[in-house]
Amino acid sequence: MINKDKKYNIALLGCGRIAERHATLLQNRDIANVHLTAVCDVDPSRAKLFGQRYSVNYYCDLHQMMRHENIDLVSVLTDSGSHFKNVIELTDYKVNIIVEKPLALRVDHVDQMIKACRNAGVKLFVVKQNRFNLPVLQMRKALDQNRFGRLNIGTIRVRWCRDQEYYDQDSWRGTWLNDGGVASNQASHHIDLLQWCIGDVETVNAVARTSIADIEVEDTMIATLTFKNGAVGIIEATTATRPVNLEGSISILGTNGTVEIGGFAVNQMKHWQFKEKFDGDEQVLEHFSVNPPDVYGFGHKAYYKYVIDCLDRGVDGMLSGQEGRKSVKLINALYASAESGKCIRMDDFNGKSKLGY
């Protein structure tokens, strides 16, 4: 039974960079039936500042917050290396859970998270807000309509700027144990889009470099992929673009059509061309050429609405833990290939790399 009258009290775990995006949306009441109730961060000064800014209760201990507040849904916005521990702890309180990308760093941790949530009878969602960007939805619709014909090439380009000051903000940034590099952090959404649009990956070949930043992990990765449907893929991802962000884009080429979406956050339709014309094709570039003000884009609002709808209907939807597992395994395969210098066949891959260790 669909419950459209349910009100959801939401807490944010982690008050860092991305939490601003979540808190602003929730506090502005942009999403019906949700209420930002509390925030938590292990840094007392950060928790206090964040709580006061958004006029909500703030905590420095997850368990204290869960014992004192009536929470229905928790958004886990901590560093990637903490997602596993946070989710396992939250399942004790029988609350539904949203996790920012990536779901976790290690595939075995993702599997344990999925199992723990299933045993607790709660839903687990991963943030993939770029799937809700309007140009991306338009492209996905064309894919579902088979307008591309046979898929030939899928390419993502993440050309962003992250200077040393960014990495020095927190001790976990740029580490293998808690973060990973451009592939697991900044390009995670784009890698998800490539896999979501093109299909299951067969093989991965990657090269990684730490070209500018003083960090453990890579700030630049180039990779080629083959897909089970015969298409090939290209990943170009870097945080070494200077002096500012250039693009976050995806392009798909098929036997019957080509689409390219660019902008900072896969949010600006750049090319839309198909052999067979459909009504409205002439207006696509005009209607979907909006570039967002920052790399986060506009998708979080639509994402939250989707999650609430899934909870109302009692379904997992397309952003479940199992879906999030796909990109975590692919990202680990990229790292394993870059480290070994070998081609990784996904069906034979055990899911392990240096990431998360």
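This structure is a prediction, so every number in the text was calculated from the model and none was measured.
In plain terms, the two heavy atoms of L151 and A231 that are nearest each other are O-CB, 3.4 Å. Nearest heavy atom pair, residue L90 against residue V76, reads CD1-CG2, 3.7 Å. Closest approach of V126 and G324 over heavy atoms only: CG1-CA, 3.8 Å. Closest approach of G248 to W160, counting heavy atoms only: N-NE1, 4.0 Å.
Side-chain N or O atoms of N9 include none that pairs as donor or acceptor with a backbone N or O of T37 at under 3.5 Å. Side chain of N133 to backbone of V136: no donor-acceptor contact under 3.5 angstrom is found.
Proximity of the aromatic rings of Y335 and W176 is defined here by a centroid distance below 6.0 angstrom, and this criterion is met. Outside the 6.0 Å centre-distance limit, the rings of Y58 and F50 are not counted as a close aromatic pair.
Between D316 and K123 there is a salt bridge, since a side-chain N of the basic residue sits under 4.0 Å from a carboxylate O of the acidic one. For K141 and D144, the salt-bridge test fails: no basic side-chain N is under 4.0 Å from an acidic carboxylate O. Using a cutoff of 4.0 Å between basic side-chain nitrogens and carboxylate oxygens, K228 and E202 are not scored as salt-bridged. Using a cut-off of 4.0 Å between Lys/Arg side-chain N and Asp/Glu carboxylate O, R159 and E236 are scored as salt-bridged. D170 and R46 are joined by a salt bridge, as a carboxylate oxygen and a charged side-chain nitrogen come within less than 4.0 angstrom of each other. Under a 4.0 Å N-O distance rule, the pair R157/E260 qualifies as a salt bridge. D72 and K6 are joined by a salt bridge, as a carboxylate oxygen and a charged side-chain nitrogen come within less than 4.0 angstrom of each other. Look at E323 and K326 and you find a salt bridge, because one of the NZ, NE, NH1 or NH2 atoms lies within 4.0 Å of a carboxylate O, short of that distance.
Among residue pairs with one or both ends in residues 242-261, none qualify as ring-ring contact (aromatic ring centres under 6.0 Å, His included); sequence neighbours excluded.
A side-chain hydrogen bond (donor to acceptor under 3.5 Å, both in side chains) with E100 is found for exactly one of R21, H22, H83, Q129, namely H22.
In this structure F125 satisfies the ring pair (Phe, Tyr, Trp, His ring centres under 6.0 Å) test with no other residue, sequence neighbours excluded.
Figure legend: cation-pi geometry between R147 and F274, with NZ or CZ positioned under 6.0 Å from the six-membered ring centre and within 45° of its axis. Taking the centre and axis of the six-membered ring of Y357, the NZ or CZ atom of R106 falls inside the cone set by 45° and 6.0 Å. At least one test fails for K305 against the ring of Y303: distance under 6.0 Å to the centre or angle within 45° of the axis.
For the 3.5 Å distance criterion, the side chains of Y167 and R162 fail to qualify, holding no donor opposite an acceptor.
The closest side-chain heavy-atom distance from V259 to H271 is not below 4.5 Å. Considering only heavy atoms from C-beta on, H189 stays 4.5 Å or farther from S327 through its side chain. With a 4.5 Å cut-off on side-chain heavy atoms, I71 and M66 count as touching.
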TODO: Report the C-alpha separation of V34 and L26 in whole Å, then their side-chain angles, then the decisive distance to 0.1 Å, and conclude whether the side chain to side chain contact (heavy atoms under 4.5 Å, CB included) test is met.
DONE: CA-CA 7 Å; V34 300; L26 298 170; 3.9 Å; yes
Open item on the list: Go through it in stages, so that I can follow the logic: the residues are F227 and V232, the test is side chain to side chain contact (heavy atoms under 4.5 Å, CB included), and I'd like the CA-CA distance, side-chain angles, deciding distance and then a yes or no.
Closed with: CA-CA 6 Å; F227 294 86; V232 294; 5.7 Å; no
Would you list the atom pairs, donor with acceptor, under 3.5 Å between side chains in residues 190-199 and any protein atom, with sequence neighbours excluded?
{"unit_1": "D192", "atom_1": "OD1", "unit_2": "R131", "atom_2": "NH2", "d": "2.8"}
{"unit_1": "D192", "atom_1": "OD2", "unit_2": "R131", "atom_2": "NE", "d": "2.9"}

